[in-house]
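Structure, as C-alpha cells:
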Number of protein chains: 2
Amino acid sequence: METIKGRKDGYHHGDLRNALVGAAIDLATAGGPEAVVLREAARRVGVSPTAAYRHFAGQGDLLFAVKSHGQDALAVAMRAEIAASGAAAGSARAEADPGAAAVERTKAVGRGYLRFAFAEPGMFRTAFCRIAMPMDAETGQPTRDDNDNFSSFDMLSTVLDDLVATGRMSPRRRPGAEVAAWSGVHGLAILVIDGPLAMLRGEALAASVENVLETLVQGLCAQD
Amino acid sequence: METIKGRKDGYHHGDLRNALVGAAIDLATAGGPEAVVLREAARRVGVSPTAAYRHFAGQGDLLFAVKSHGQDALAVAMRAEIAASGAAAGSARAEADPGAAAVERTKAVGRGYLRFAFAEPGMFRTAFCRIAMPMDAETGQPTRDDNDNFSSFDMLSTVLDDLVATGRMSPRRRPGAEVAAWSGVHGLAILVIDGPLAMLRGEALAASVENVLETLVQGLCAQD
DNA sequence: GGTGGATGTTAACGCCGTGCACATGGCGCG
DNA sequence: CGCGCCATGTGCACGGCGTTAACATCCACC
C-alpha cells in the first residue's frame, strides 16, 4: 500500500491540508496576506472551495497557518545570518574578542531580519499581519494562543544578554532592550516594504540597514 | 443664496465628495484601512454606491483621500507635542540650554508620533497603508505623486539639524539619521498596534516609549 | 460485506467593487 | 424666458469573495 501522501487520483485528496497551506504560502509570498484567498488556494489544489472547511475554520485560519510558517522562515533566516557572520558563540572570533563578537552577533540578528524582509516581502508582511483571532465565546479570550511563537525573539534576547555579559552594554539598559532593538529593525523593514521609504534600493538600502544597526548598537551600548 | 454646502434635500447632494471622505474617515478611524468600504461610506451618506464614482476613480482613490488626511492629522499631533514639550525653538528653555532643548524637541517629535499612533490606531494604520497606485498606461509611472506628503518628515529633519547645530550630534552621523529615527518610532508603533507587542499597555507602554526614544537619542548622539 | 464517519461536491446567500444605461435637474445660451 | 446640455445621482447586473447547508463518495472497521 502506498503512503497516504501523494495520492491525488481519487475522490479523496489524501493530504489536502498541507496542499492548501502550500498553495496559500505561494500566494502570500507573491502578494502578501491580502493575496491569501481561500478560493484561489482551493483552485490551485484542484479542489472545491468548501473542501477547505474540512481542514480550516475559515480563511483566517488558513492565513494563520501561513503566518506561522512565515515566522518560522524568518527565524531560520536570522539563524543563518548569525552563522554567516563568523561571530557565532564558540567561534574563533568569539574567543578572541567576546565583546566585539557579541556586537557583531547583535548586528547579524538585525541583518538577518532585514534581509529576509527585503528578500521575501510578501511572506514578511504575512508573518506580521493582523489576524482576527477566533474568540472563545465563554472566556472572551483568544482560543488559539496569541502565538507569535517567535523563536526569533529568543535569539534577540540571547545576543542582548551577551552584550551585557561582555560588558558592552550596561545592565541598567538591559530591561526593554528587546523592544528598542526590535522596533528599530522592524520599522525600517515596514517603511521600506510598505512604501514610505521605498525609494531606498540597492546600495542606499544596504547603507540604511547598516546605519540603523549601528545607531541601535550605539544607543544600546551608550555608557552614561 | 445659500452656500453650496449643506443642501442635502434634493436629488443632488451638493458636497458629496467631502461627505464621502468624512464617512470614510470615520470608518478608517474605527477599523483601519480595511474598513474603508465604498458601499458603506455611500450608505452612511445616504447615496447609491455608484454615485461615489462621480468623485473618485474607485475605492482605492477614496482610501487615498483618507490616507492623506491621516498623514496630515499625524503631523498636527506631532507639532502639538513639540509645543507642549516647552522646548520649542525660541522658548525660554531653548535659550537657556539649546542642546538639551534640541534633544527634548527630538523626543517630543517621536512622542507625538507614538501618541497619535496609540490614540488613533485605525487612522495611523490608514496613514501608512499600502495602496494600489493607479498606474499611467503610457509612462508606467504612478499617475498621482507618490505623495507621502509627510510634512512630518520635515519636522524630523529640522530637529535633527538642531541636534547637529547645538553640537549634540556629530555631523558625521547626520546622513541617514531621519531613517534611523523614523524606523525606531514607527517600528514600535506598528508592533504595538498590530499585535506582536500588544501586551504593552498603560505604564509599560509609556516606559517602552521613553526607552525607545532614549535609545534613539543615545544612538544618534554617540560620540565615537 | 455492510455501514458510518471522514472527506469531498454542488447550490445558494450576502457581501464587495465596478461598469452600463438611464433619470434628474441646475445653469448657461439662444 | 425657455430649453437643452452636462454634471451628478439611480438601478441593475456581473463576477469574485467568504461561508453555510444539503448531498455524494469512499475507506475502515465490525
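The figures here come from the full heavy-atom set of this structure, side chains too, leaving out hydrogens, waters and symmetry mates. Each chain gets a letter, A, B and so on, in the order its sequence line appears, and its residues count up from 1.
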Spell out, as yes or no, whether a donor-acceptor pair under 3.5 Å connects the side chain of B/Asn211 to the backbone of A/Gly176. yes
Taking atom C1' of D/dA7 as reference, at what distance in whole Å does atom CG of B/Asp15 sit? 15 Å
Which whole-number value in Å describes the distance from B/Arg17 CZ to D/dA7 P? 17 Å
Hey, are A/Glu178 and A/Ser157 close enough side-chain-wise for a donor-acceptor pair under 3.5 Å? yes
Can you pull out every salt bridge (Lys or Arg N to Asp or Glu O under 4.0 Å) where at least one residue sits in residues 205-214 of chain A? Sequence neighbours excluded, please. A/Lys107-A/Glu214, A/Arg111-A/Glu210
Could you tell me the separation between the CD atom of A/Gln59 and the P atom of C/dC15, rounded to a whole number of Å? 18 Å
Going by side chain to side chain contact (heavy atoms under 4.5 Å, CB included), name the residues that satisfy it together with B/Ala189, two or more places apart in sequence or in a different chain. B/Leu114, B/Ala117, B/Phe124
Calculate the interatomic distance between B/Leu16 atom CG and C/dG25 atom C1'; express it in whole Å. 16 Å
Taking DNA chain C as the partner, which of residues 27-41 of chain B come within under 4.0 angstrom of it by heavy atom? B/Val37, B/Leu38, B/Arg39
Length of the line joining A/Tyr53:OH and C/dA12:P, which is rounded to integer Å: 18 Å
Quantify the bending of the helix from C/dG1-D/dC30 to C/dG30-D/dC1 as the angle between its end axes, each fitted on five pairs, to 10°. 20°
Polar pairs (N or O, both sides) under 3.5 Å between protein and nucleotides 4-6 of chain D?
none

Work out which heavy atom in A/Ser48 is nearest to a heavy atom in A/Ala42; give both atom names and the distance. O-CB, 3.9 Å
Is any side-chain N or O of B/Arg43 closer than 4.0 Å to OP1 or OP2 of C/dC16? yes
Quick one: does B/Arg17's side chain have a donor or acceptor within less than 3.5 Å of a partner on B/Arg54's backbone? no
Measuring to OP1 and OP2 of C/dG8, would you say a side-chain N or O of A/His55 lies under 4.0 angstrom away? yes
Working note: A/Arg44 + A/Asp26, criterion side chain to side chain contact (heavy atoms under 4.5 Å, CB included); need CA distance, chi angles, decisive distance, verdict. CA-CA 10 Å; A/Arg44 293 192 175 199; A/Asp26 291 346; 4.0 Å; yes
By side chain to side chain donor-acceptor pair (under 3.5 Å), B/Arg43 pairs with (sequence neighbours left out) B/Glu40
As a test of understanding, state which of A/Val159, A/Leu156, A/Asp162 forms a side chain to side chain contact (heavy atoms under 4.5 Å, CB included) with A/Thr106. A/Val159
Can you see which heavy atom on A/Gly70 is nearest to which on A/Ala127, and at what distance? C-CB, 3.8 Å
In this structure, how many angstroms lie between the P atom of C/dT7 and the CG atom of A/Leu20, rounded? 13 Å
Decide yes or no, distance alone: a donor-acceptor N/O pair under 3.5 angstrom between the base of C/dT10 and the side-chain of A/Thr50. yes
Heavy-atom donor-acceptor pair, A/Arg39 side chain to A/Pro49 backbone, under 3.5 Å: no
Nearest-Å distance, CG (A/Leu63) to P (D/dC17)? 15 Å
When the distance from CZ of B/Phe56 to P of C/dG19 is rounded to whole Å, what number comes out? 16 Å
